[in-house]
2 protein chains.
Amino acid sequence: MSNESTQKIIPIDTHKLKVACSQCNLRELCLPIGLSDQELTRVDDMIGSRRKIKRGQNLYSAGDTFEAIYAIRTGFFKTDVILEDGREQVTGFQMAGEVLGMDGIGTDLHTCNATALEDAEVCIIPFDQLESLSREIEPLQRHLHKVLSREIVRDHGVMTLLGTMRAEERLAAFLLNLSQRLVARGYAATEFHLRMTREEIGSYLGLKLETVSRAFSRFQEDGLITVQQKHICILDTAGLKQVLNHQAC
Amino acid sequence: MSNESTQKIIPIDTHKLKVACSQCNLRELCLPIGLSDQELTRVDDMIGSRRKIKRGQNLYSAGDTFEAIYAIRTGFFKTDVILEDGREQVTGFQMAGEVLGMDGIGTDLHTCNATALEDAEVCIIPFDQLESLSREIEPLQRHLHKVLSREIVRDHGVMTLLGTMRAEERLAAFLLNLSQRLVARGYAATEFHLRMTREEIGSYLGLKLETVSRAFSRFQEDGLITVQQKHICILDTAGLKQVLNHQAC
DNA sequence: CAGGCGGCTTGATCTTGGTCAAGGGTAAGC
DNA sequence: GCTTACCCTTGACCAAGATCAAGCCGCCTG
């Protein structure tokens, strides 16, 4: 993975270094399958550049003019909305292979902040070029629509979580979702480092950080997981799923 | 407005009666502005038929195969997700000029139920035809993307409401949002009939029906609104907005 | 017109999660 | 290596909203 970068001797401007989509191991997450070589080349040409974002920096902020969407190559992000009175709502956590910035299409302004929770790199997908290309490449168009739609469905899931679940159910759902997405990327399902703080988890789940902390402790007491700061091991996936289905009290 | 229909003497099968988009007074809500006559004709051709839905019936249900999205001509809908254990989360209320069904694009299956809360009529927009046409008509493509994106942003708003607001703030936000959307359709801003039950409002807002009822009563005591069953008058819009900004206790 | 039902309101009580506070661990910076 | 700052945990207490319960209103149906 990091072979490429550690072996390089000659200094290269990585911003200009082109890692073609056609070569990217995240391809199946970002692009439709079944594109012809020629079509893939055109996609490669569209994604002209990449951008590195340091931990803590914003990829974009609410109010920025919308020009592109972003495919995450490496790193981990949160998106959030800040209310006038300062309250924060984290609307999602995004990892490699996922797409950021679609909130801006509707108004040509970004409506939320996207912040790197660890050093990250994204592919910049200029949206007008994407629209143009997807008018010509039908599978690309279809894929874009699917990505947009899945975001809507994902949001419905979060609404359901916030509207109907109690604290421990929410955290169980959160851990299981994270685990599942890591598996899809080839990582271990049961052991991982959280990139976000308890407060950010709490904001996402509609809970206070103390409640998140207590729920972690409770899960640990019950033998469902082990917690050491941000290092989580899931010991009993089935048990976590039961927490989810155990509705009410 | 209703001149057209009241003046018709000859009985006509309204299912076959074509009310062209080009003639529809909701056009500016469904379609981009600036289409040429020729383009509008092609859109008219695409939207082949309409469908009436009786109060209480579903336009589509979770699990149905996805084939079309729907533009509401008349009536009022709710969309909801039912969890395995029976819990319901209402994900939105939709009125004339709004678009339903975009949750199905991602998986080719609808992921929620769309239920008419009053007798309704929708325009059926076959999605493959819409994709095809939007590959040719750039403003149509752009518009579709904006509609999808705005749905995402709307969902973020609901997530914020569910994640950070207390009961009375939620209800105030709900009433103001409803009022604003009615105004955009030429209705009175301050007086309207709720089409949904307290329980459905509660599900949408992540509250129990009793809490919704109490919040209504509280607003009435405070002189912000009058409530008679489902008939609402907003007496003090500014006051409701203050409830929203008054954060915490 | 009577009866029944669905939906709404209101009160009393309980529970979950929020709030406030103290203390400890870890990692980054001097 | 020490200090500092951030993050996390845990406890005690509190309050918002859920739950349980009773009764009412208005509408639909027979």
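Note that the coordinates shown come from a computational prediction; the quantities given were computed from them, not determined experimentally. Every chain is numbered from 1 and lettered A, B, ... according to where its sequence line falls, protein lines coming before strand lines.
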> From dT19(C), dC8(D), dT9(D), pick the nucleotide closest to the side chain of Val227(A)?
Replying inline: dT9(D)
> Heavy atoms under 4.0 Å, any strand shown: does Leu209(B) hit a base, just sugar-phosphate, or nothing?
Replying inline: base
> For the pair made of CZ in Arg218(A) and P in dC8(D), what is the distance, rounded to whole Å?
Replying inline: 21 Å
> So how far is it from Glu121(B) CD to Thr74(B) OG1, rounded to the nearest 0.5 Å?
Replying inline: 5.5 Å
> What integer distance in Å separates Arg198(A):CZ from dG18(C):C1'?
Replying inline: 18 Å
> Mind checking what makes salt bridge (charged side-chain N to carboxylate O under 4.0 Å, His left out) contact with Glu200(A), not counting sequence neighbours?
Replying inline: Lys78(A)
>> Can you measure Met165(B) atom CE to dG17(D) atom P for me and round it to whole angstrom units?
In response: 13 Å
> So what does Gly202(A) hit on the nucleic acid, given a heavy-atom distance under 4.0 Å: a base, only sugar-phosphate, or nothing?
Replying inline: nothing
> In degrees rounded to 10°, what angle is found between the helical axes fit to the five outermost pairs at each end of the helix from dC1(C)-dG30(D) to dC30(C)-dG1(D)?
Replying inline: 50°
> Taking CE from Met196(A) and P from dC8(D), how many angstroms apart are they, rounded to a whole number?
Replying inline: 11 Å
>> List the residues meeting salt bridge (charged side-chain N to carboxylate O under 4.0 Å, His left out) with Arg195(B), not counting sequence neighbours, and say none if there are none.
In response: Glu118(B)
> If you find the nucleotide of DNA chain C closest to Gly206(A) and the one closest to Phe216(B), which residue's nucleotide is nearer the 5' end?
Replying inline: Phe216(B)
> For Ile201(B) and dG7(C), what is the distance between atoms CD1 and P respectively, to the nearest whole Å?
Replying inline: 13 Å
>> Going by side-chain contact (heavy atoms from CB on, under 4.5 Å), name the residues that satisfy it together with Thr160(B), two or more places apart in sequence or in a different chain.
In response: Val81(A), Leu83(A), Gln89(A), Thr164(B)
Quick one: which protein N/O atoms are closer than 3.5 Å to N/O atoms of nucleotides 24-30 of chain C? Pair and distance per line, please.
none

Please set out all donor-acceptor pairs under 3.5 angstrom arising from side-chain atoms of residues 220-230 of chain B, sequence neighbours excluded.
residue, atom, partner, partner atom, Å
Gln220(B), OE1, Val227(B), N, 2.8

> Is there a side-chain polar atom (N or O) of Ser217(A) under 4.0 Å from OP1 or OP2 of dT10(D)?
Replying inline: yes
>> For Ser213(B) and Val212(A), find the nucleotide of DNA chain C closest to each by heavy atoms; which residue's nucleotide sits nearer the 5' end?
In response: Ser213(B)
>> Rounding to an integer number of Å, can you tell me how far Glu199(B) CD sits from dT19(D) P?
In response: 12 Å
> Mind checking what makes side-chain contact (heavy atoms from CB on, under 4.5 Å) contact with Glu199(A), not counting sequence neighbours?
Replying inline: Thr197(A), Leu209(A)
>> Once you measure the plane-to-plane angle for His110(B) and Phe66(B), does it fall in the parallel (<30°), tilted (30-60°) or perpendicular (>60°) bin?
In response: perpendicular
>> What is the distance, to the nearest angstrom, from the NZ atom on Lys208(B) to the P atom on dG17(D)?
In response: 14 Å
> For Asn177(A), what residues pass the side-chain contact (heavy atoms from CB on, under 4.5 Å) criterion, not counting sequence neighbours?
Replying inline: Arg181(A)
> side-chain contact (heavy atoms from CB on, under 4.5 Å) with Glu191(B): which residues, sequence neighbours excluded?
Replying inline: His231(B), Cys233(B)
For nucleotides 11-15 of chain D, print each protein N/O atom paired with a nucleotide N/O atom at under 3.5 Å, atom names and distance only.
residue, atom, partner, partner atom, Å
dG11(D), N7, Arg214(A), NH1, 3.0
dG11(D), O6, Arg214(A), NH2, 3.2
dA12(D), N6, Arg214(A), NH2, 3.3

> Atom CD of Glu200(B) to atom C1' of dG7(C): distance rounded to whole Å?
Replying inline: 11 Å
> Salt bridge check: are Glu98(A) and Arg185(A) linked by an N-O gap of less than 4.0 Å?
Replying inline: yes
>> Please enumerate all residues that pass salt bridge (charged side-chain N to carboxylate O under 4.0 Å, His left out) together with Asp236(A), with sequence neighbours excluded.
In response: none
>> Does anything in residues 155-165 of chain B form a salt bridge (charged side-chain N to carboxylate O under 4.0 Å, His left out)? List the pairs, not counting sequence neighbours.
In response: none
> Of the candidate nucleotides dG17(C), dT9(C), dT9(D), which contains the atom at the shortest distance from the side chain of Leu207(A)?
Replying inline: dG17(C)
